[in-house]
Every structure is written in C-alpha cells, then in structure tokens.
Amino acid sequence: PFFLKRLGIKKVMLMAMLAWVFRFGLFGAGNPGGGVWMFILSMIVYGVAFDFFNVSGSLFVNKSTHNSMRSSAQGLFMLMTNGIGATIGTLGAQNIVNFYTENVDGKMQGDWSSVWYIFAAYSLVIAILFAIFYVLFRLRLRKLEKDKIPLERMVQERTAEVVRLEKMATVGKLTQGLIDRILNPLNYINNFAKLSEGLVKDVKANVEDEKEQMNEDNYEDTMDVLD
C-alpha cells in the first residue's frame, strides 16, 4: 500500500516484473556452493515480486471498483493471474524445462542456468512491453488532455450560442404576443367600422325611399348625420 499510494499501480506493477527478472537471474547465476547467497537473495526478491504484483493488484481492484461488482472484479483478477495466466506459464515453463533437462533417477538434471535465464529474459521482455505501452498510454492521455481544452471551449461557445438563440426565440414569442394583443382590438374596430358602413348605406337607402313622406328639414338633417 505504501508504494501503491506514492507510485501508482503501473509503476508498482513494473517494479514487480523487474523483480521477477532479478529473481530468475539470481537462480541462473547461483549455485549450491559459493553462490548459495544468490538463492537466499532471490527469496527476498520474491517478496517484492509477489506482493507488488498480486497484493497491489488486488488492492487496486478493490479500490477502483464499485461495491456491487467488487467481488466479481476480484474473481476476474484472480482468474487471469493465478488461473489462466498461471496455467499458460506452467505449460510454457514445462516445455522449456523438459528441453534443457532430463530425468535421471527421478531427478531433473541438465542446464538449469539456461532455464532460469530464459525465464528472466521472458520477464524482461514483458516488463519492456509493459513500459512501452505505459509510455504510449501516457502520451495518448496528454494529447487527449490538450485536445480537451479546445473541445471544452467549443462546447462553451456552442452552449452560449444555443442560449442566445433561445433568448431570441423567447423575445420573438413575446413580441408576437404583444402584436396579437394590439392587432386584435384594431381588427375588431376595423370589422365593426365596415359593418357600420354597410348599416349606414342601408339606412340611407331607406331614408331615400321615405324622402317624399319626410319633412325637407328632417331629411337633410338625417342625411347630414348619416354622412
């Protein structure tokens, strides 16, 4: 947990892979005589190799997943590392051991140094590939962060444009409502005026028909009013 908090899961994983390289290299270089100290040192390195990978990986999964899927995530992590990964590694290691050693009276004897050096080289290749992909990921992440700033600015500009258009649409609806409020009475007056004009014409026609029966002064006064 100490290194995981300060270095992050990727660097801790890389340190674990390099520890495996160191451990296998010590096995290859050591011997039961004067090189027995290398075997002892490899056991110490094994603690770093195992804990930094398995334990730190499990802690990272536990921290990064939601409670509802934490058990499934831990199960998947164990399946990939100690299940599928361990099975593939065991089968591959078995072929290498059988190629460089042979069973003599129930004991595997042969070029064990080559076996351990191959394991160390394999671990080193994995560590290098992991480091390369990690660097590429970081570069990609930085590029995305740089592209994020113009994208956010564009989103802000588009949002401001949408707000402005919505305000204009609101003003347009308000103006239309005011115009309707003004035009409706005017249309009513206009229609009433046309109706009144028709009624006046009808009254004039009736007055003309009754002209002979009306007093001349009354006739003229009526026509003046209707005009």
Side-chain angles (χ1 to χ4, degrees), residues 1-66 68-141:
F2 176 83
F3 290 97
L4 183 62
K5 291 180 180 179
R6 286 157 179 79
L7 300 179
I9 185 63
K10 296 180 181 66
K11 292 181 180 179
V12 169
M13 287 285 189
L14 183 60
M15 292 173 63
M17 296 175 191
L18 295 177
W20 280 108
V21 176
F22 193 36
R23 170 177 166 81
F24 292 139
L26 289 172
F27 276 142
N31 59 74
V36 70
W37 64 271
M38 295 186 184
F39 293 157
I40 297 174
L41 182 59
S42 69
M43 297 177 187
I44 300 174
V45 175
Y46 176 72
V48 177
F50 181 84
D51 290 343
F52 276 35
F53 191 90
N54 292 71
V55 178
S56 296
S58 180
L59 290 175
F60 178 78
V61 171
N62 189 71
K63 179 182 177 181
S64 303
T65 54
H66 192 267
S68 60
M69 59 180 299
R70 186 166 295 162
S71 298
S72 299
Q74 291 286 6
L76 179 61
F77 174 75
M78 295 301 295
L79 174 65
M80 297 302 297
T81 55
N82 296 335
I84 298 176
T87 301
I88 295 175
T90 300
L91 294 175
Q94 179 183 358
N95 292 327
I96 295 174
V97 171
N98 291 337
F99 182 82
Y100 285 96
T101 64
E102 59 181 354
N103 191 338
V104 179
D105 296 331
K107 298 180 181 180
M108 299 299 296
Q109 298 181 3
D111 188 6
W112 277 102
S113 293
S114 297
V115 173
W116 294 119
Y117 285 142
I118 290 174
F119 291 166
Y122 172 77
S123 301
L124 181 60
V125 170
I126 296 299
I128 292 174
L129 291 176
F130 182 85
I132 291 174
F133 283 116
Y134 172 66
V135 172
L136 293 176
F137 174 78
R138 290 295 298 272
L139 293 176
R140 178 62 177 172
L141 184 61

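All residue numbers in this chain count up from 1 along the given sequence. Being a predicted model, the structure only gives us computed values, none of them experimental.
Contacts of Ile88 classified as side chain to side chain contact (heavy atoms under 4.5 Å, CB included), with partners at least two apart in sequence or in another chain: Ile84. In this structure, the side chain to side chain contact (heavy atoms under 4.5 Å, CB included) partners of Val36, at least two apart in sequence or on a different chain, are Phe39. Evaluation of the side chain to side chain contact (heavy atoms under 4.5 Å, CB included) rule for Met43 yields no partner, not counting sequence neighbours. Every residue meeting the side-chain hydrogen bond (donor to acceptor under 3.5 Å, both in side chains) condition with Ser114, not counting sequence neighbours, appears here in chain and number order: Asp111.
Rounding to the nearest 0.5 Å places CD1 of Ile118 at 12.0 Å from OG of Ser123. Atom CG of Leu26 and atom CD1 of Ile40 lie 11.5 Å apart (nearest 0.5 Å).
At distances below 3.5 Å, at least one donor-acceptor pair connects side-chain atoms of Ser113 with backbone N or O atoms of Gly28. Asn95 places no side-chain N or O within donor-acceptor distance of the main-chain N or O of Asn98, the cut-off being under 3.5 Å.
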Listed pairs under 3.5 Å, donor-acceptor, residues 14-24 side chains, sequence neighbours left out:
| from | atom 1 | to | atom 2 | distance (Å) |
| --- | --- | --- | --- | --- |
| Trp20 | NE1 | Ala49 | O | 3.4 |
| Arg23 | NH1 | Ser42 | O | 3.0 |

Residues 125-136, side-chain donor-acceptor partners within the protein, below 3.5 Å, at least two apart:
| from | atom 1 | to | atom 2 | distance (Å) |
| --- | --- | --- | --- | --- |
| Tyr134 | OH | Arg138 | NH1 | 2.9 |

Check your understanding: Given Val97 and Gln94, is the side-chain contact (heavy atoms from CB on, under 4.5 Å) satisfied, shown in steps?
Key -> CA-CA 5 Å; Val97 171; Gln94 179 183 358; 5.9 Å; no
